[in-house]
There are 2 protein chains.
Amino acid sequence: MNTQTLILAILNFENASGYEIKKQSSEGAFSYFVDISYGSIYPTLAKLEADGLVIGRSETQNGRPDKKVFSITAKGRAEFIKTLMSPPAIDKFKSEFLLVAMCADLTSPEIITKAIDKRIGEMEELLKVIGGLRSDCDHPATQWITSYGLHVKGADLEFLKNNRDSLIAMAGQAVKLDEAAE
Amino acid sequence: MNTQTLILAILNFENASGYEIKKQSSEGAFSYFVDISYGSIYPTLAKLEADGLVIGRSETQNGRPDKKVFSITAKGRAEFIKTLMSPPAIDKFKSEFLLVAMCADLTSPEIITKAIDKRIGEMEELLKVIGGLRSDCDHPATQWITSYGLHVKGADLEFLKNNRDSLIAMAGQAVKLDEAAE
DNA sequence: TTCGATATATGTCGTATCGATATATATCAT
DNA sequence: ATGATATATATCGATACGACATATATCGAA
């Protein structure tokens, strides 16, 4: 899903500045399955405005820099809903942790312990975030996707906790085999 | 994790041509958490060879085009293991399905039914792939990550099947509310 | 009181990566 | 023999990331 559609989705949800769109995508309601960089947001917002899919209004604030708040137009909403109609692409998933875990025997127990404990911490944090999104919003579809997230990420954390020690026990085995061969 | 490290990881596992690296990353042992495009593979392989981290040898085949098989060097292996030592970055995850599900009320029951059934099919397919990887390889760390995948994706599929109908029931509600207001 | 840290806010720029396309060889079923 | 599929390498434009620059304002600490 391209940056344009993601921005339209966020603006269909509520009006926002570029900075607020970034927050929504990396900490807010969309953070669990979306992330957009500033390097994509500002140029795309300019293009979207040029095409009449969003309009921006400057707002002066007290105690903060001015901001430009964007809202979706009728044309933008039509375009967005049209995009929703096409079958969603398969999830994109990349995990450095799984690569490191797969190569556990090439490293040390210390490295693997740090990696899995870091992951357990991140997973607990993510569960808190999703739980927060869930209680903040009684919109049925949001309740559905947050229940989904809680279920899947809960199972994820459960596995990590139950199998932490067995992964650590595999660490450094390739090195030990080398030494035994000498 | 950059393309260079991903290629070193695959070549540390077994020798491969550019085409075979692509297969490993999108259908093989690494496909569950990695994906690399040809547009990254061939230029990176050339750079890796220029830097002495891999070496390539041309092989003629019968009944197939020639291929250039790459293998990792001692320098390449040292570089790869060094990279494994740094704490793994958080998973990257993007889901068009969750965006569509969150906007279920803006579309129709037909669209949502297709989207969730497509996802259920993909999830069943992924479980088969991970199960296959698991039975093909008795390497302990591979057993660990495939058990992890089976556990998490199993929980995912379970939720989808148990909550399919409730999501479909939410579809098109925004449109119905519009009509009721007229 | 000024220094550093943090938060808000917009924007750019080099680089990495994707996705589509081109090209070529060979097999196999229609 | 024609079209589809698989193997194999490579490039190129478009897209997106990640780091940096810049500016305003608050707040606690030196």
Side-chain angles (χ1 to χ4, degrees), chain A residues 1-11 15-28 30-31 33-51 54 56-70 83 86 89-94 96, chain B residues 1-8 10 15-28 30-31 33-51 54 56-70 83 86 89-94 96:
Chain A
M1 190 139 291
N2 58 29
T3 305
Q4 177 168 325
T5 306
L6 260 21
I7 290 179
L8 289 178
I10 294 172
L11 293 180
N15 295 351
S17 65
Y19 185 76
E20 289 161 347
I21 288 170
K22 174 65 182 162
K23 278 217 143 186
Q24 282 293 332
S25 93
S26 54
E27 297 168 42
F30 295 81
S31 62
F33 55 95
V34 159
D35 199 39
I36 333 175
S37 65
Y38 286 126
S40 297
I41 291 171
Y42 287 105
T44 304
L45 236 19
K47 192 187 174 293
L48 246 17
E49 190 169 30
D51 293 346
V54 307
R57 296 178 203 80
S58 287
E59 279 186 23
T60 52
Q61 299 186 106
N62 51 344
R64 283 182 192 179
D66 296 355
K67 65 176 173 180
K68 192 173 181 185
V69 177
F70 290 87
T83 307
S86 51
I90 200 162
D91 291 353
K92 281 177 192 168
F93 176 66
K94 292 197 180 189
E96 291 196 8
Chain B
M1 189 138 294
N2 56 29
T3 305
Q4 176 168 326
T5 307
L6 261 21
I7 289 179
L8 290 177
I10 292 171
N15 295 350
S17 65
Y19 185 76
E20 288 161 348
I21 290 171
K22 174 64 182 165
K23 277 216 144 184
Q24 281 293 333
S25 95
S26 54
E27 298 169 42
F30 295 81
S31 64
F33 55 95
V34 158
D35 199 39
I36 333 175
S37 65
Y38 286 125
S40 297
I41 290 172
Y42 288 105
T44 303
L45 235 20
K47 192 185 175 292
L48 245 18
E49 190 170 31
D51 293 346
V54 307
R57 296 177 204 81
S58 285
E59 278 185 23
T60 53
Q61 300 186 106
N62 52 343
R64 284 181 192 178
D66 296 353
K67 65 176 173 179
K68 193 174 180 185
V69 177
F70 291 87
T83 308
S86 51
I90 199 163
D91 291 351
K92 281 176 192 169
F93 175 67
K94 291 198 179 188
E96 291 195 8

Among [options], which nucleotide has an atom closest to any side-chain atom of [X]?
| X | options | value |
| --- | --- | --- |
| A:Y19 | C:dA9, D:dA8, D:dA10 | C:dA9 |
| B:E20 | C:dT10, C:dG19, D:dA8 | D:dA8 |
| B:K23 | D:dA16, D:dT7, D:dT11 | D:dT7 |
| B:Y42 | D:dT11, D:dT7, C:dT8 | D:dT11 |

State, yes or no, whether a side-chain contact exists between [X] and [Y] at a heavy-atom distance under 4.5 Å.
| X | Y | answer |
| --- | --- | --- |
| A:D35 | A:K22 | yes |
| A:V69 | A:R57 | no |
| B:Q61 | B:K67 | yes |
| B:I21 | B:L6 | no |

Rounded distance [0.5 Å steps], NZ in A:K47 versus CG in A:L45 =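 Answer for the NZ-CG pair, A:K47 versus A:L45, is 12.0 Å.
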How would you label the contact of [X] with the nucleic acid (heavy atoms, under 4.0 Å): base, sugar-phosphate, or nothing?
| X | value |
| --- | --- |
| B:K47 | nothing |
| B:G39 | base |
| B:S37 | base |

Hey, which of these two, A:P65 or A:Q4, hits DNA chain D nearer its 5' end, going by closest nucleotide?
->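 So the residue in question is A:Q4.
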When the nearest nucleotide of DNA chain D is assigned to A:D35 and to A:N62 on a heavy-atom basis, which residue is associated with the more 5' position?
->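 Comparing both residues, the 5'-ward one is A:D35.
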[N] [atom2] sits how many Å from [X] [atom1], rounded?
| X | N | atom1 | atom2 | answer |
| --- | --- | --- | --- | --- |
| B:K22 | D:dA6 | NZ | P | 15 Å |
| B:I36 | C:dT17 | CD1 | P | 9 Å |
| A:I90 | C:dG19 | CD1 | C1' | 16 Å |
| B:N2 | D:dA19 | CG | P | 12 Å |
| B:R64 | D:dT5 | CZ | P | 17 Å |
| A:Y38 | C:dA7 | OH | C1' | 10 Å |
| B:N15 | D:dA8 | CG | C1' | 17 Å |
| B:F70 | D:dT9 | CZ | C1' | 10 Å |

Counting only side-chain N and O atoms of [X], is one of them less than 4.0 Å from OP1 or OP2 of [N]?
| X | N | answer |
| --- | --- | --- |
| B:Q61 | D:dA8 | yes |
| B:K94 | D:dC17 | yes |
| A:T3 | D:dT15 | no |
| B:S17 | D:dT9 | yes |
| B:K67 | D:dA10 | no |

Flag, side chain of A:Q24 to backbone of A:I10, donor-acceptor distance under 3.5 Å |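 Checked: no pair found.
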